Amino acid sequence: MASPGPLIVGSGIAGLYVALRARELGLRPTLVTKSRLEESNTRYAQGGIAAALGEDDSVGRHLADTVKAGGGLVDRRAARRLTEEAPKRIADLVRFGVPFDTVDGRVALGREAAHSRSRILHAGGDATGLQIEETLRQRALHEGIEARERTVLRRLNNDGGPVVATLSRDDGSGVEEVHDRSVVLATGGAGGLYRYSSNPSITTGEGIGVAFRAGATVTDLEFVQFHPTTFYHDGAPRFLMTEAIRGEGAILRNDAGERFLPKYDRAAELAPRDVVSRAIDREMRRTGAPCVWLDATGIDRDRLFARFPTIIRFLASYGIDPSRERIPVAPAAHYTVGGVATDLDGHSTVPGLYACGEVAATGVHGANRLASNSLLEGLVFGERVARQLAHPTAGRPPTPGRSQTVSLREGRNEPMTERSFSSLREILWEKVGIVRDGPGLREAVRRLQTLGDGLEPAQPQDLPLPGADAALTARLIATAALARTESRGAHWRADHPKPLAAWKLHLGLSRSGG
Ligand code: SIN
């Protein structure tokens, strides 16, 4: 009898791509997703996907930019794979039908912060994620890949043998155990755990919590990337204003109308996003204003409207014409650099459990991801996972340079409510945000422990309570941020404002006794 195919959890670029490639490699994958198939963080990606395809570009340059952005912590082997394999994975997307934008018959390449060359492919102007998601989703349906919506991964059991996954419907009904299948986590990041985020609200990081609970090592969680420019308007969603607008020449001004970034970094608007986010945060604190202003009025109107149709439509619904007026913007949580520790083939420390995309941490981004390397990461490491599923080899992620255990018993075993989630989001934003410090982080860890993260079910056979894995992920982020007593990349400590040689390493967290 044919062995059952892999169970893939998540329907963003990584999950859909692994499913499609696993199918091409002769497997029968099942894909489950907690929401609708088309709802994922990928869908909202605007800027695009990086690959060294320009005549003036090279893999070496893309690699160098990736390493430079990563604050001394990039795993060079991972970054080499990412940048070397990028053109082949883009060719796969073209083969699947993704309609990348072109100019004179050649793929159009945009510029984004911290890239030394124009190398960002885009589709539908600023609708790159939507175009990719829709193309892969339709292809998966066409290929007859079994896809189950509103299905939640409740637990992974690892008693030394093959991993056992427990699933249920999103209302908690229909609990079932899945045995004898490799499990691929492609559940995305945890940006939605923050009060302000560019991500959709479903990005609550359960994949990290569920893997940790099963004994997997998680790493680099202190590195949460904040996007400098999301739409600021009372009551409005923090809609992304892609970096590509700055790549086209837009500048940032403070409340007094002054351009301020040259004061913070020579690269000004094209400095790495952690630098830009901190500079905005500082200007906002200095002036007491709740936002700064993205000024795109210097960009040719036709070009602006053709290149950013999604943003133009969004702003029009608030009565803003960016060719004539400035856009109010503020930073928001955007990308989870850390996650489930994996090797370059997606093996986690739990046998039979793979991870790829934003939920995984290969070390490819170091302490700070280069813009538009995240969709790419989903493809490159998704491909490597698909090949492992078809032809498994032994593997194990490298042991992090420093490890810390976390006791599950310290959490409270109570269900998360709307109210506790809203406190959690507030705590992360206020205390584990763009600029952190020891007292704030200690307070965050203490308060997150009392929020009812339901860490140890009352009985071993009980499933974790709803919301427990998301709450656990929040606590792990705060714990990691407290442990790293230096500033590096996306992790900025006001009480330790310099990078330290002793911290030029990855921090791994695992459960005590697990
Ligand atoms: C953006 O379009 O500015 C976001 C790109 C990214 O996060 O890689």
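Numbering of ligands and ligand atoms starts at 1, following listing order. In this text, all values refer to a predicted model and were calculated from it rather than measured experimentally. We number each residue from 1, following the sequence as shown.
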**For E243, the ligand 1 atoms whose distance to one of its heavy atoms is below 4.0 Å** = 1 (C), 2 (O), 3 (O)
**Prompt:** What residue among F314, F231, Y318, Y232 forms ring pair (Phe, Tyr, Trp, His ring centres under 6.0 Å) with F239?
**Reply:** F314
**Request:** Compute the shortest N/O to N/O distance between G47 and ligand 1 and return yes if it is under 3.5 Å, no if not.
**Result:** yes
**Request:** Give a yes/no verdict on whether any heavy atom in S372 is under 4.0 Å from an atom of ligand 1.
**Result:** yes
**Fill in**
For R369, the atoms of ligand 1 under 4.0 Å from one of its heavy atoms are 6 (C), 7 (O), 8 (O)
**Item:** Between H122 and F100, ring centroids under 6.0 Å
**Value:** no
**Prompt:** So does K263 have more than 12 non-hydrogen atoms from other groups sitting under 6.0 Å from NZ?
**Reply:** yes
**Validation row, ring centre Y196 to ring centre F226 under 6.0 Å** = no
**Asked** Of all the non-hydrogen atoms in the protein, which one sits nearest to atom 1 (C) of ligand 1, and at what distance?
**Response** T242 OG1, 3.4 Å
**Message:** Whether R253 and E258 form a salt bridge (side-chain N of Lys/Arg under 4.0 Å from carboxylate O of Asp/Glu) is what I want to check.
**Reply:** no
**Complete:** Taking only non-hydrogen atoms of A371 and a 4.0 Å limit, the atoms of ligand 1 in range are 8 (O)
**Asked** For ligand 1, which atoms sit closer than 4.0 Å to a heavy atom of H334?
**Response** 4 (C), 6 (C), 7 (O)
**Asked** Applying a 4.0 Å heavy-atom criterion (strictly less than), which segment of R273 is in contact with ligand 1: side chain, backbone, both, or neither?
**Response** side chain
**Asked** CG of L315 to CD1 of I311: how many Å apart, nearest 0.5 Å?
**Response** 7.0 Å
